[in-house]
Structures are given as structure tokens and as C-alpha cells.
Amino acid sequence: MAGGAGSVPSRLCHGALAWGLTALLGLAGCAGAQAPTAAEQQAGEAPRVTLAAPTDEATAPESAAPETPPPVTPAPTPVAVPPAARQAVQDAYDAVQKRRWADVDRLAPLAAADPVLGLYPRYWALRNRLQNRALPVPDAEVRQFLADAAGTYLDERIRADWILAATRSGNYTQALQVPAVADSSASVRCALLLARHQSGKRARSTEVLDVFQPVADCWDLLDQVTADHILSRKELNGLLRDILETGKQGNADRMAGVVFDDAAMVQYAALMKNPRKWLESRSQPRSGVDFELAAIALSRLARGNDRPEAARFIQERWAGWMPKADLQWVWGQFGLVAALNVDPEAARWYRQSGFVPMTDYNHAWEVRAELRAAPLDWKRVGEAIRKMSARQADEPVWRYWYGRALAAQGNAEAARQYYVSIVDDQGFYGLLAAEELGRTPALPPQPDPLDPAWTAQARANPGLQRAVALFDLGWRREAVPEWNFALRGMSDAQLRGAAEFAREQHIYDRVVNTSLQTRNVTDFSQRFIAPFEGQVAAKARLIDLDPAWVYGLIRQESRFITDARSRVGASGLMQLMPATARHVARKIGMKDFKPGQVNDFDTNTILGTNYLNMVLQDLSGSELLATAGYNAGPGRPKRWRAQLLTPVEGAIFAETIPFTETRLYVKNVLSNAVYYSMLFSGQPDSLKARLGTVSPMAGTQTALP
């Protein structure tokens, strides 16, 4: 290959839930086709675009607030960087990777002469001491660093580390006195809540549930508030159930240790090892702990190979013993596991779950199970969406599907209102809503040319200069947050200027992601940048591929980073796995191909476009299936297609892809392709036409990697 919950808030992030259970079930695809880090992922970054409305509905566009006149910025004076100092920075970076902290301490004073990156070795050394619980917190040294780094990204990062270190050491007063961190992590939020709780202002259970994530500092918080009886037994059980749903065994065992005493933990370990054997050895539960253990064991039966037989066992042996709400939660777990296995029975299990509170992740899969059910019952789709929290149901994806459910039941006017509410969203569902309304997608007017003074201001911005220096060294993990920090508080014109500065530096992912942050101006020349002067399009046309689709895929894959490398080893502009690159090179007769060539622009795009074309032909010419196959491997969409009971529209197939990464990937690539098509051709393009219809087809074998 190439690559919200009922009546209670969801307690765990969607990403953890999505990743964990699919991994447990063996469903997590080899994510070769992705941006190199989470910071580059597009999901959640969808900008907005105005779509052309029918004449009788046309309205004058809102006028944007007048932009502040551009500043008079003198040309930045070139910064002289002593070569020895920059080398010390690089040597310190290497020492950090090898955990040679004595070397980092030695190099930090030498690196200080670098006026751009000189603070980094000092920061790395200080952070290491703050993270070592065996060492005293160097408060005086931190204060001096903050004075020297005031207003920078490292200023904020070291404050976060200081809060964690102070709380871990029991210096709660100091932790609470550290100036606030704007974008705090779950660890920092948990540490601050623990510091406040230990300082006399007791935490409320709602606060704990709101901040908790299964990370070290949150476990410290949970242990303390549990000892202080802040959370009820029901709330603790809910946390355990949510973590069990993620499939992350270590976290589940850690949470079970909070919920259960030693005797119950013995039973918990036994049921997790073999839930059926444990259940067969038990009699009717009597205590609250017995009921909770039984509910967990019953839910684990869903992960076996024969869910129908397990369900019969539950009905015959346990249904009469369990409280209704517990049994409904168990059926919700059966529904979730079945849905993630693309099992047609998923909707049937979910329908037995009633209105029991579930995680946002599980509520979403109940809707997807109904969308994939045969026959499709739009009334049940609407009912499943109404089970969600108001916040979750307000997301564009569920507003679109609720509109479809209303329309199918004859309530056209209410459906229209739902479509109108999301039609300005530039993502997948905004485009689909426009087509439901009969509107023709159109690009927004290109804004007035940007005054060069704004780009000049960006060039002179110290934070952006630091980020560029880090990009030049290939340190993307450090460069991306440094760049993003520098963008805080910028106006639309400043953001466009920063995006142009990134374009000058050929940092194309920052062009896109920076421009996406504008609020009143939509600059498609930045948001849908098409670099490399048509070379990619030319290679696509050579094998009769749609250039708009190829550009849409690259925008999602790598954001046009030619040397991008994913966490699983996919490389280059089109994120090719090594085995895939070798396979394609052999098939097309590329002589003397070597793995080291995969990041070469021409080699990567030739291999990538040819592989995409191979996947397209292997999947019946469907861009939808081929896009999924490029990300997850062509065998998987074949299996998902084979498990259909009836033809489904492409949007339903896309929404019910069981891999979270692939589902988002497909939506983003195909909506990207629509906009690139309109940019390249000047003509409207239909997302529905690209999606088509997917029909059941036997056969899951493929000769492609």
C-alpha cells in the first residue's frame, strides 16, 4: 500500500477511542499515506467557502471588516549566526536524541551565541531536569530562562513543564503561581486541578471528568480525588467502561485498579483473560461490584468470533439477572464491535441499546451502522442522531445526515434548513449539502492582492524566522509548533503575509495551514496551492489520471512536503511505502531503482501516480474506493465492499469506513479534488459524481501491495 454522548459528557477523546478499539480488533490499517506528524493532519482544519446560490435565493455577501493599513516594515537585517554556535545547537540536538544530557549541558553555553536558535539547547537541558522526578525542581534557573525567553514559544513550553514539575514535587503553591499557558495539554490541566485541590479548593467531579485523559499526571489527579471521594462509584465505573472501549489494555487495567479492591481485581483479571469461562462459573450478582464485573465480562463477549452465539448465551443465562441499563450498555458494545467489523448485524445490536449514555465515538458508530443497514431506514438514522448530545449533533457531518433523514421522511423544508446551516463549510459535507440544495459549487472571489508590506512584516517576525531555521535543519517536530505559536493573534492580512513568506521558503504545508486560519478572507491561491509548476499534473495526464484528484491526494498526504516521512515509513510527496515503491518500479520497468530515490521529486511522483492508477484499475475505476485503497491498502475496500448487502451511495460508503484515519482521508482527498478541479478548469465539479455508488462485489484478493 501507499501508504457526544447521551446525557453525560464524553470522558475520553475521540482519537483515543478510534485508534484503540480498531487496533484491538486488528483493523488499524498501515497508515502509509498521511502527513508526517499530527500537526500536519487536515482533519478539523476545514476552512470555509462561499457557494453560489440560485438566483431567487441570492444575497449580497457580507462585507469584511476593513483591514488595518499595512505596516511600514524595514527590510530585515540579515542575522549573523556564528557557525560554531549553530554547530553547537546541532550537536546538542543529536545529544538529546541519544540522551547524552551531560553533552547537552556542555554545549548549551556554546550554543547561546546563536541569536536565532541559541535558547534551544538550554531549554532541552532544563526540560530534562524538570522531567526527572528524582531531581529537585530548579525554580531559580527556570525563572532566569523565562526572563531570557519572554514572549517566545519556549517561554510557554517551559512554563508548562514547570507546572508539571512543581505539582509532581508537591509544591502546589508554585504550580498555581506559574503564569497561565494558553494551549495547555491534558497533563497541565490535570496538574493544575490537582494543585488547586491540594491547596484547599476541592475539585468537583465534573471538573475531573472534563480534564481526565489516561496520562501520568491525570492518573495522579484521579488517585487523589478518588481517595478524597470526589467521584461517585457510578462515575468511576463510567470512566472504566470508556477506557475499556478504547481497547488499550494497560489503561484499562490501571483504571480497574482505581475502581476495584484487591479481591475484585482478581475477578477482573480472570474475566479479561476468558470472559465466557468466568461468566459460566458465576451465579446471579448480588453487590454493585458483582454487577459491574458481570457487565464488563458480558461486553467482552462481543470481541469473540461468534457474536450471535454469545448474544444467545446472554439472553438465556444473564438477561434476567442484569439491570436494564447495564444490559443496554452491553448491546451498545456489541453494536460498536460489529460496526467496526463492517458486520451487517451492527444496527440490530444497537437497536437493543435503547437510550443508554454512550461515548461520542459509539454514538457516531450507531448512526453509521444505521446508514449501512439494509434496508436503509431513515427514521432510525434520525433517531440515532437525536441520541447524541446537542454539541455532537451540531457537527456538520450529523447535520447533513439529519437533513437527509428529514428529507427522506418528507420534511423537505426542515431538511433544507439543515443543509443551509452547513453549506458554507468548505469540507465534504458542505459540498454535499450544496448539491442537495441544487446549488452549484463555485470558488470564492479571489481577494485583493496582498500588499507586499505584510509579507515583509512576516519575514521580520523573530518567531517565524526561528521556525524557518528549524525547517532548514529538518527539525519539523520543533519547527511546526514554533511557527504556529508565532501566528497567534495575527489578523487575516498578517496570516496571508505569513503564508506568502512560507511560500517563498518552499514550506508548502505552512502555506496551506496558515491560510486556513483566516477568518474573513478566503485565499484559494494559498489554501489550495498547486506547486511544482504543473509537473505533477503532467505526470498524471501521461497515464490518464485526473490531475485534480492527484493534487487533492497530495494535499492530504504530505501537504507538498517532498521529503515527508510518516511514522510507518512512507516517504515523499505521495507517501510511498518502501515495498510499494519497489513493486511499482518493477511493474513499470524503472531501471536501477534504489530505495533512497523515493524522496526524489520525479521518482516519487512517477511511482505514486502509477500506483494510484493501478489501485484505480483494481477497484473498478472508482475514485472513492481507490482513495481508500491508497491509504489503507486495496484489499480493505474490497472487503468492505464485499460485506455490503445492497448498493449504497458513495457518501454512505465513505462515512462508514471503519478506519478513522482512512475515513477522514477519503473525505478530505475527494473534497480537495473538487476544489482543485474548479481551480484548474474554471468549471463546476460534483462531489456526488466523484463518489458514485458502491455495489456489493465478491472477492477480496488483490495482487497489489
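Keep in mind it's a predicted model, so treat the numbers as computed, not measured.
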Query raised in the report: Do Asn513 and Trp483 pass the side chain to side chain contact (heavy atoms under 4.5 Å, CB included) test, and can you show the C-alpha distance, the side-chain angles, and the key distance before you say yes or no?
Result: CA-CA 11 Å; Asn513 290 31; Trp483 180 279; over 6 Å; no
Query raised in the report: Ignoring hydrogens and geometry, is there a side-chain-to-backbone donor-acceptor pair from Asn251 to Ile243 under 3.5 Å?
Result: no
Query - Under 3.5 Å side-chain donor-acceptor pair for Asp685 and Tyr676 - result: no
Query raised in the report: Distance from Glu413 atom CD to Tyr418 atom OH, nearest 0.5 Å?
Result: 12.5 Å
Requested in this report: Measure from the ring center of Tyr508 to the ring center of Phe532 and say whether it is less than 6.0 Å.
Outcome: yes
**Report entry** Side-chain heavy atoms of Gln517 within contact of Arg488, under 4.5 Å
**Finding:** no
Query raised in the report: Got a donor-acceptor contact below 3.5 angstrom from the Asn613 side chain to the Thr609 backbone?
Result: no
Query raised in the report: Under 3.5 Å, is there a donor-acceptor pair linking the side chains of Trp640 and Thr656?
Result: no
Query raised in the report: Under 3.5 Å, is there a donor-acceptor pair between the side chain of Ser620 and the main chain of Ser622?
Result: no
Requested in this report: Would you mind reporting whether Val550 and Met574 have side-chain heavy atoms less than 4.5 Å apart?
Outcome: yes
Report task. Using the salt bridge (charged side-chain N to carboxylate O under 4.0 Å, His left out) rule, pick out the option among Glu649, Glu435, Glu436 that qualifies with Lys688. Result -> Glu436
Requested in this report: Using atom types as modelled and distance alone, determine if a side-chain donor or acceptor of Arg399 lies under 3.5 Å from a backbone N or O of Glu395.
Outcome: no
Query raised in the report: Do the side chain of Thr700 and the main chain of Arg639 share a donor and acceptor less than 3.5 angstrom apart?
Result: no
Query raised in the report: Does the side chain of Ser515 pick up a donor-acceptor pair with the side chain of Gln526 at under 3.5 Å?
Result: yes
Report task. Work out which heavy atom in Arg555 is nearest to a heavy atom in Arg559; give both atom names and the distance. Result -> O-NH1, 3.0 Å
Query raised in the report: Closest approach of Leu624 and Ala654, non-hydrogen atoms and distance?
Result: CD1-CB, 4.0 Å
Report task. Could you check His363 against Val367 for side chain to side chain contact (heavy atoms under 4.5 Å, CB included), going step by step and ending with a plain yes or no? Result -> CA-CA 7 Å; His363 275 302; Val367 180; over 6 Å; no
Query raised in the report: Distance from Leu670 atom CG to Leu687 atom CG, nearest 0.5 Å?
Result: 6.5 Å
Query raised in the report: Parallel under 30°, tilted from 30 to 60°, perpendicular over 60°: which one fits the rings of Trp331 and Phe334?
Result: perpendicular
Query raised in the report: Could Arg690 and Trp549 be counted as a cation-pi pair, given that NZ or CZ must be under 6.0 Å from the ring centre and within 45° of the axis?
Result: no
**Report entry** Gap between atom OH of Tyr675 and atom CG of Leu443 - 0.5 Å precision
**Finding:** 8.0 Å
Query raised in the report: Salt-bridged, Asp377 to Arg351, with N to O below 4.0 Å?
Result: no
**Report entry** Flag, side chain of Asp492 to backbone of Arg519, donor-acceptor distance under 3.5 Å
**Finding:** yes
Query raised in the report: What are the two closest non-hydrogen atoms of Gln328 and Gly354, and how far apart are they?
Result: NE2-CA, 3.7 Å
**Report entry** Basic-acidic side-chain contact under 4.0 Å: Arg496, Asp448
**Finding:** no
Query raised in the report: If we only count heavy atoms from C-beta on, is the Pro637 to Leu619 side-chain gap below 4.5 Å?
Result: yes
Query - Heavy-atom check, side chain of Arg372 versus side chain of Leu645, under 4.5 Å - result: no
Query raised in the report: Between the side chains of Arg404 and Tyr400, does any donor sit under 3.5 Å from an acceptor?
Result: yes
**Report entry** CA sep, side-chain torsions, deciding dist, call: Arg307, Asn341, side chain to side chain contact (heavy atoms under 4.5 Å, CB included)
**Finding:** CA-CA 11 Å; Arg307 275 180 293 278; Asn341 279 285; 4.1 Å; yes
Query raised in the report: Between Lys387 and Glu366, is there a salt bridge with N-O shorter than 4.0 Å?
Result: yes
Query raised in the report: Is there a side-chain contact between Phe524 and Gln426 (heavy atoms, below 4.5 Å)?
Result: yes
Query raised in the report: Would you call Phe659 and Asn631 a side-chain contact if the rule is heavy atoms closer than 4.5 Å?
Result: no
Report task. Please answer whether the main-chain N or O of Glu623 pairs with a side-chain N or O of Thr627 as donor and acceptor at a distance below 3.5 Å. Result -> yes
Query raised in the report: Rounded to the nearest 0.5 Å, how far does CG of Leu495 lie from OG1 of Thr518?
Result: 6.5 Å
Query raised in the report: Is the closest side-chain donor-acceptor distance between Thr359 and Asp242 under 3.5 Å?
Result: no
Requested in this report: Considering only NZ, NE, NH1 and NH2 on the basic side and carboxylate oxygens on the acidic side, decide whether Glu207 and Arg189 come within less than 4.0 Å.
Outcome: no
Query raised in the report: Sub-3.5 Å donor-acceptor pair from the side chain of Asp618 to the main-chain atoms of Met614, do we have one?
Result: no
Report task. Using a 4.5 Å cut-off on heavy atoms from C-beta on, say whether the side chain of Glu557 contacts that of Leu576. Result -> no
Query raised in the report: Which heavy atom in Tyr551 sits nearest to a heavy atom in Pro531, and how many Å separate them?
Result: OH-O, 2.9 Å
Query raised in the report: Quick one: does Arg503's side chain get under 4.5 Å of Ser525's, heavy atoms only?
Result: yes
**Report entry** From Asp523 atom CG to Thr514 atom OG1, the distance as rounded to the nearest 0.5 Å
**Finding:** 12.0 Å
Requested in this report: List the steps, then state whether side chain to side chain contact (heavy atoms under 4.5 Å, CB included) holds for Arg439 with Val420.
Outcome: CA-CA 10 Å; Arg439 301 185 182 186; Val420 168; 4.2 Å; yes
Query raised in the report: Looking at Trp378 and Gln409, what are the two nearest heavy atoms and their distance?
Result: O-NE2, 3.8 Å
Query - Leu691, Thr693, Leu625 screened by side-chain contact (heavy atoms from CB on, under 4.5 Å) with Phe653, the one that passes - result: Leu625
**Report entry** Side-chain donor/acceptor of Asp425 to backbone N/O of Gly427, under 3.5 Å
**Finding:** yes
Query raised in the report: Ala325 and Val356: which non-hydrogen atoms are nearest, and at how many Å?
Result: O-CG2, 3.7 Å
**Report entry** Side chain Gln643, main chain Val342, donor-acceptor under 3.5 Å
**Finding:** yes
Report task. Report yes or no: do Glu655 and Tyr429 form a side-chain donor-acceptor pair below 3.5 Å? Result -> yes
Query raised in the report: Between OH of Tyr419 and CG of Leu432, what distance do you get to the nearest 0.5 Å?
Result: 9.5 Å
